[in-house]
S.K.: 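The structure is given below, and queries will be raised subsequently.
Chain A is the first sequence line, chain B the second, and so forth, proteins listed ahead of strands; every chain is numbered from 1. Predicted model, so just to flag it, every value in this text is computed and none were measured.
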Amino acid sequence: AAGVIQSPRHLIKEKRETATLKCYPIPRHDTVYWYQQGPGQDPQFLISFYEKMQSDKGSIPDRFSAQQFSDYHSELNMSSLELGDSALYFCASSFPSGIGGYEQYFGPGTRLTVT
Amino acid sequence: AQSVTQPDIHITVSEGASLELRCNYSYGATPYLFWYVQSPGQGLQLLLKYFSGDTLVQGIKGFEAEFKRSQSSFNLRKPSVHWSDAAEYFCAVGAHQTGANNLFFGTGTRLTVIP
């Protein structure tokens, strides 16, 4: 079965650089979520999109922005990177309606290292 | 506000022994509860979920969990652990009361399986 695809899987950037992470949801899923997992930490919700509109916002820094495109893929843009942004970034997708919206399927993650 | 507590940071069990991972939640309404498993460097895989109905839910890989409203708990169990079960386990609650679909995770329990 198709799963959530994230690219790149690994990314190394220097401080103050920018990074773009991409997420391709499971076919027919139109809700996308982004989570950040620091070393030894639990995943923290950043932001979500439903039908290309932002649906909820969590602890996403102002330096980060995201959007969902017409094909439902999503991109997380990160600017002015800081050392503390080094983490595993997960994308998840789900059906939007009712209870189904809570059954989120996670991608393998993008490991971002900021040096 | 919703929160999830996993009291055990690290648990070690022998292969073939039974397992119980604890999860306590705080939520103002009937919670949507989940258990995810994460192998090193990998994404999060959904083991099982509870929305309503039967309080004992069956999941994949032989796992089950029981929702106990009186104890605000959703403990994960497996009767006989296999070496391949060694991983990080996260309990999560869905924030549906606010109309949002994002998940709040506990801090995780690392399971080590010894021969």
S.K.: With heavy-atom distances below 4.5 Å as the criterion, would you say the side chains of F104(B) and D42(A) are in contact?
M.R.: no
S.K.: Measure Q45(B) against the heavy atoms of chain A and call it side chain, backbone, both or neither at under 4.5 Å.
M.R.: neither
S.K.: Examine whether an atom of Q37(A) lies under 4.5 Å from a heavy atom of chain B, and if so say whether it belongs to the side chain, the backbone or both; otherwise answer neither.
M.R.: side chain
S.K.: About how many Å separate CZ of F90(B) and CZ of F106(A), when rounded to the nearest 0.5 Å?
M.R.: 10.0 Å
S.K.: Are F49(A) and F45(A) linked, directly or through intermediate hydrophobic residues, by side-chain heavy-atom contacts shorter than 4.5 Å (ILVMFWY only)?
M.R.: no
S.K.: Is there a continuous path of hydrophobic side-chain contacts, each under 4.5 Å between heavy atoms, that joins V4(A) to L21(A)?
M.R.: no
S.K.: Might you confirm whether atom CG of L83(A) has over 12 heavy atoms from other residues, nucleotides or ligands at distances under 6.0 Å?
M.R.: yes
S.K.: Answer with yes or no whether the hydrophobic clustering places Y72(A) together with L76(A); edges join I, L, V, M, F, W, Y residues whose side-chain heavy atoms lie under 4.5 Å apart.
M.R.: no
S.K.: Distance check, rounded to the nearest 0.5 Å: E103(A) atom CD versus L103(B) atom CG?
M.R.: 10.5 Å
S.K.: Is it true that V37(B) and I60(B) fall in one hydrophobic cluster, defined by side-chain heavy atoms closer than 4.5 Å?
M.R.: yes
S.K.: Could you tell me the separation between the CG atom of L88(A) and the CG atom of L44(B), rounded to the nearest 0.5 Å?
M.R.: 8.5 Å
